[in-house]
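Since the structure is predicted, the reported quantities are computational estimates derived from the model, not experimental observations. So you know, we letter chains A, B, ... as the sequences are listed, proteins then strands, and number each from 1.
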2 protein chains.
Amino acid sequence: MLVPDTYAANCPTRLVLDRIADKWAVLVLALLAQGPLRFNALRRRIEGVSQKMLSQTLKGLERDGLVRRTAFPTVPVTVEYAITPLGATLAERVELLRDWAEQHIAAVQAAQARYDQAA
Amino acid sequence: MLVPDTYAANCPTRLVLDRIADKWAVLVLALLAQGPLRFNALRRRIEGVSQKMLSQTLKGLERDGLVRRTAFPTVPVTVEYAITPLGATLAERVELLRDWAEQHIAAVQAAQARYDQAA
DNA sequence: CCGGAGTGGTATCCAATGGAAACCAGATGC
DNA sequence: GCATCTGGTTTCCATTGGATACCACTCCGG
């Protein structure tokens, strides 16, 4: 395999794909790109996310170096999540997907209606 | 809600996000962007995909108008999947994510190693 | 002084999802 | 005659995701 093959299971880019192919991670990244937020602030902004998934998602993003977690020893403890420079470069690309969604959502919904009609 | 809010559960862009947040769909789209392929050709190119998931994924992409399915009445039946113009515009954006992955995979893996070391 | 709420999570349970494998019909190759 | 190819569907089981409860701690209102 001289040329890296994204479609091979062992290709490292598949690992990154797994991260992008995580609905909650994408939403968190897009939000943090606009500025740091605390745990419960994120939870309130992202409708439908459970505490478990948010906690899990943030842990994953931190591990990948896309998000930085900072805990302040206040009472009660305050935890702030901020995007890293690396994460910001990814968020840029993700933003392009959001733009695509907004531009083409009508076309997709029309296609779905046509498909369901035929069935 | 005057400004559309991607983070609201009922926002239609969340539907598109769900499609993008599908590992197999992204891989299929990226492959078909290079040219039409038959079912088993896709299966062989995408390492690790099961027949069930490939069939399911293709059905979804067809429903969304991103992929066109054509069956030829040969024996045995030949089915060809091709990307649509709409799908091509999305594949473009997805390609940018793949580029990001290739460029920054080393940084991500380094971050993971650091994180796991600390734990 | 006694709830109730807010902090950032973890633990537990159950439904839904994903993957592995078998099976299908029909024809072709050996 | 048996395996193999076509493009799937069906069945079963492991993993995952979501809902809910709970944790320790403190502040605030009554």
Side-chain angles (χ1 to χ4, degrees), chain A residues 7-11 14-15 17-29 31-32 36-63 67-82 115 118-119, chain B residues 7-11 14-15 17-29 31-32 36-64 67-83 115 118-119:
Chain A
Y7 311 104
N10 57 355
C11 177
R14 279 276 280 261
L15 300 175
L17 181 61
D18 285 344
R19 164 120 325 291
I20 294 157
D22 178 344
K23 178 180 152 184
W24 301 127
V26 169
L27 288 169
V28 166
L29 215 55
L31 261 179
L32 291 184
L37 285 171
R38 292 196 316 238
F39 185 87
N40 280 328
L42 277 167
R43 199 157 95 80
R44 279 187 293 264
R45 285 289 306 270
I46 303 176
E47 211 171 289
V49 70
S50 66
Q51 285 185 319
K52 182 175 109 177
M53 286 315 295
L54 183 54
S55 154
Q56 208 172 92
T57 300
L58 286 167
K59 235 178 259 174
L61 288 171
E62 192 197 357
R63 188 172 105 96
V67 155
R68 184 174 31 83
R69 184 194 129 111
T70 320
F72 300 98
T74 55
V75 154
V77 65
T78 304
V79 181
E80 190 186 77
Y81 292 95
Y115 185 94
Chain B
Y7 310 105
N10 58 355
C11 177
R14 279 277 279 259
L15 300 175
L17 181 61
D18 285 344
R19 164 121 325 291
I20 294 157
D22 178 343
K23 178 179 151 184
W24 301 127
V26 169
L27 288 170
V28 166
L29 215 56
L31 260 180
L32 291 184
L37 285 172
R38 291 193 317 221
F39 186 86
N40 279 329
L42 277 166
R43 199 157 95 81
R44 278 187 294 263
R45 285 290 306 269
I46 303 175
E47 212 171 287
V49 70
S50 67
Q51 285 185 317
K52 183 176 106 175
M53 287 315 295
L54 183 54
S55 154
Q56 209 173 93
T57 301
L58 286 168
K59 237 180 257 176
L61 288 171
E62 192 196 356
R63 188 172 106 95
D64 289 355
V67 155
R68 183 173 31 81
R69 185 193 127 112
T70 320
F72 300 98
T74 54
V75 155
V77 66
T78 304
V79 181
E80 189 186 77
Y81 292 94
I83 203 162
Y115 185 94

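The side chain of A:M53 lies closest to D:dG18, out of C:dG26, C:dA27, D:dG18. Listed candidates were C:dG8, C:dG6, D:dG7. Nearest to the side chain of B:F39 is D:dG7. Side chain of A:V79, nearest nucleotide from C:dG9, D:dA19, D:dG7: C:dG9.
Residue contacts shown for B:F72 are absent, as no nucleic acid heavy atom lies under 4.0 Å away. Counting non-hydrogen atoms under 4.0 angstrom, A:R43 reaches nothing in the nucleic acid.
Side-chain contact between B:L27 and B:L42: absent, with no pair of heavy atoms (C-beta onward) separated by less than 4.5 Å. Looking at A:R69 and A:L58, their side chains never come closer than 4.5 Å, going by heavy atoms from C-beta outward. No side-chain heavy atom of A:Q51 sits under 4.5 Å from any side-chain heavy atom of A:L54. The closest side-chain heavy-atom distance from B:K59 to A:Y115 is below 4.5 Å.
We find that OH of B:Y81 is positioned 12 Å from C1' of D:dT6, with the value rounded to whole Å. Rounded to a whole Å, the CG atom of A:D18 is 11 Å from the P atom of D:dG17. What separates CG of B:L42 from C1' of D:dT6 is a distance of 14 Å, to the nearest Å. If you take CG of B:L54 and C1' of C:dA20, they are 15 Å apart, rounded to a whole angstrom. The interatomic distance linking A:E80 (CD) with C:dG9 (C1') rounds to 17 Å, in whole Å. Following rounding to the nearest Å, A:Q56 (CD) and D:dT15 (C1') show an atom-to-atom distance of 12 Å. Between A:I46 atom CD1 and D:dG18 atom P there is a gap of 12 Å when expressed in whole angstrom units. Regarding B:D22, its CG atom lies at a distance of 19 Å from the P atom of C:dA16, rounded to whole Å.
Taking only side-chain nitrogens and oxygens, B:K52 never comes nearer than 4.0 Å to OP1 or OP2 of C:dA22. Close to D:dT9, at under 4.0 Å from its OP1 or OP2, lies a side-chain N or O of B:K59. Contact annotation: B:S55 side-chain N/O to D:dT9 OP1/OP2 distance is under 4.0 Å. The side chain of A:R69 places an N or O atom within less than 4.0 Å of a non-bridging phosphate oxygen (OP1 or OP2) of C:dG9. Between B:Q51 and D:dG7 there is no side-chain N or O to OP1 or OP2 distance below 4.0 Å.
Along DNA chain C, the nucleotide nearest to A:R38 and the one nearest to B:W24 differ in position, and the one closer to the 5' end is contacted by A:R38.
In this structure, B:T57 contributes its side chain and B:M53 its backbone to a donor-acceptor pair below 3.5 Å.
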